[in-house]
A.B. asks: 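There's a structure below that I have some questions on.
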Amino acid sequence: MKMNWCYIAILIVILLLGTLIEGKKNRLRGTKWWTLANTAPQENTLLNPNTVLYINPSLQPLTRKQRRLVTRNAGTILAIAKGARMAIQECKYQFNSRRWNCPTSDDSHGTSVFGKILQKGCRETAFIYSITSAAVSHAVARACAEGIIYTCTCDLKRHFPSGRDWEWGGCSDNAQFGHKFSRDFVDVVEKGRDLRYMMNRHNNEAGRMHVSTEMTRECKCHGMSGSCTVKTCWMRLPTFRKVGNYLKDRFDGSTRIYQGNSGRGRTRGKKFNILPVNPNHKSPEIKDLVYFEDSPSFCNPEPAIGFHGTMGRECNATSIGVDGCDLMCCGRGHTSKSYMAKERCSCTFHWCCKVHCEICTRTKMRHTCL
Ligand SMILES: *[C@@H]1O[C@H](CO)[C@@H](O)[C@H](O)[C@H]1NC(C)=O
């Protein structure tokens, strides 16, 4: 009888461990859709009906729930692949002159395009989650308006009354559909009660909010010979560069958080709350990025997160900012090499409308960290 209880206890422990490990695996499995960025862009094939041969992005890197969602909303896979590309490109642009420069791997067999930094809870992790979920929102909302997705169209709702000299018309980007789809698709794996789950969910939503609340009105005049007697307007998404800029600002001002007891602080839909570690800071707002772990210095190679360090990185010898050689090379010093660069110069404008330039060769310096 005693033995039996022992066996049962061991069995329960094994089962618990199993679900824990499974949960961790699933979470990263849920970010495998980022590898869709490696599939060929589809725009050209869609615009050019003569192209018969094209490779449809595979559903293979998706979880079962994600597959179901994508299958139910035919066409979304193209938008998701485009979103993955946009997110990676924007992340690299925004972090171009930082020590951590958003390194990615093309290895589509690996669990994650952005590497093991996802297993951390630092500010960079927060940015990756926010920019990728924002990108899905953005790409899907746009694709709705472009007629690529079967289950959505332009947003035809009038958001507020027409003005005195214009009326609603045209095709608005479907931010609402994009937001909801991204939430269902991206957040599907973020299940649990731990701080990492709260952090990821919060940052995912922060990313999406920067897309859906920054729409602007665009208008077109339809009157005779361009006169504006008849004007129609529609809502357009912000450019993804703008979204990237906003999120980079949020990254710089991100809030370190810890898991509060329920009942204190602000709850956000679900039954959990996150509180700022610094009691003098206000609770993070919906658009703020949050993290709970310090970032590494990113000076030296960090094998644990697959970061190679700043050795060999180009730096700016005259800047005192993060792109400057002092900070970028972490005091290790740098080498300078001159090289010849070809540039356009002495450009002249010819009426109308041509610009003629000459090609000059100039000596430039390239500085790289030791
Ligand atoms: C280097 O930094 C200086 C000062 O911040 C700036 O004016 C210059 O444009 C930078 N050079 C490059 C190549 O970015």
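Both ligands and their constituent atoms are indexed starting at 1 by order of listing.
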A.B. asks: Do the side-chain N and O atoms of Asn316 and Thr318 include a donor-acceptor pair separated by under 3.5 angstrom?
C.D. replies: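 The criterion, which ignores hydrogens and geometry beyond distance, is satisfied for Thr318 and Asn316.
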
A.B. asks: Using a distance threshold of 4.0 Å (strictly less than), state whether atom 9 (O) of ligand 1 has a protein heavy-atom neighbour.
C.D. replies: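 Within 4.0 Å: no protein heavy atom nearby.
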
A.B. asks: Using 4.0 Å as the upper bound for N to carboxylate O, is an ion pair formed by Arg183 and Glu205?
C.D. replies: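 Looking at Glu205 and Arg183, the cut-off is met.
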
A.B. asks: Please list, in number order, the atoms of ligand 1 under 4.0 Å from a heavy atom of Thr318.
C.D. replies: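 This gives 1 (C), 2 (O), 3 (C) as the contact atoms.
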
A.B. asks: Closest non-hydrogen protein atom to atom 2 (O) of ligand 1, residue and atom name please, with distance?
C.D. replies: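 Nearest protein contact, heavy atoms only, for atom 2 (O) of ligand 1 is Asn316 ND2, 2.3 Å.
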
A.B. asks: Answer yes if the ring centres of Phe307 and Phe298 are under 6.0 angstrom apart, and no otherwise.
C.D. replies: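 Yes, they do, as the ring centres are separated by less than 6.0 Å.
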
A.B. asks: Look at atom 5 (O) of ligand 1 and find which of Ala317, Ser319, Gly321, Cys325 reaches it with the closest heavy atom.
C.D. replies: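 Residue with the shortest heavy-atom distance to the ligand atom: Ser319.
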
A.B. asks: Hey, is Lys248 close enough to Glu90 for a salt bridge, meaning N to O under 4.0 Å?
C.D. replies: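 No, Lys248 and Glu90 are not salt-bridged.
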
